[in-house]
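Since the model is a prediction, treat every value here as computed from it, not as a measurement. Nothing fancy with the numbering, it's 1 onward along the sequence.
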Amino acid sequence: MSKHKSLYNTKRWKDRRKAQLSQSPICKFCEDLGITKAAKVADHITPHRGDHELFYYGPLQSLCWTCHSGAKQRQENTGVLVGGNDKGYPSDPNHLWNK
């Protein structure tokens, strides 16, 4: 287990996670697509990579497990969020079609 993984077991993180999910209980990515799905993950919008400042004070968003392990991971790897609007165009403003 990498050193920063232990941060997720701290009371400080658990309290922050609980507050995030209480404040925003719906998955942000699903909601953006018009879907209502309960969030289970308090996701660091900016990957913290063990940086304590980002881990404890960086911005969070609420995501479901599917979006966190799928769409969010692809976004971090490619820089583009997968998904489209009701017309079939990419919803991510960073997508080449939207530039």
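In this structure a side-chain-to-backbone donor-acceptor pair under 3.5 Å is present from S69 to W65. Without hydrogens or angle criteria, H48 side chain to G50 main chain gives a donor-acceptor distance under 3.5 Å.
Within the model, atoms CD1 of I35 and CD of E31 stand 11.0 Å from one another, a figure rounded to the nearest 0.5 Å. Between the CG atom of D43 and the CG atom of L63 there is a distance of 4.5 Å, given to the nearest 0.5 Å. From Q61, atom CD reaches atom CG of D32 across 8.5 Å, with rounding to the nearest 0.5 Å.
Remark: of the listed residues K40, H68, K28, Q20, Q20 is the sole one forming a side chain to side chain donor-acceptor pair (under 3.5 Å) with S62.
Residues K37 and T66 have side chains in contact (heavy-atom distance under 4.5 Å, counting atoms from C-beta outward).
Connection of Y57 to Y8 is established within a shared hydrophobic cluster, with ILVMFWY side chains joined at heavy-atom distances below 4.5 Å, either directly or through further cluster members. Linking ILVMFWY residues whenever their side-chain heavy atoms come closer than 4.5 Å, directly or via other members, places L60 and L7 in the same cluster.
A cation-pi arrangement is absent between R16 and Y56 under the rule of less than 6.0 angstrom and at most 45 degrees off the ring axis.
C67 approaches C27 most closely through the heavy-atom pair SG-SG, 3.8 Å. In terms of heavy-atom proximity, A39 sits nearest to L21 at CB-CD2, 3.9 Å.
Using bins of under 30°, 30° to 60° and over 60° for the plane-to-plane angle, the ring pair W13/F55 lands in the tilted bin.
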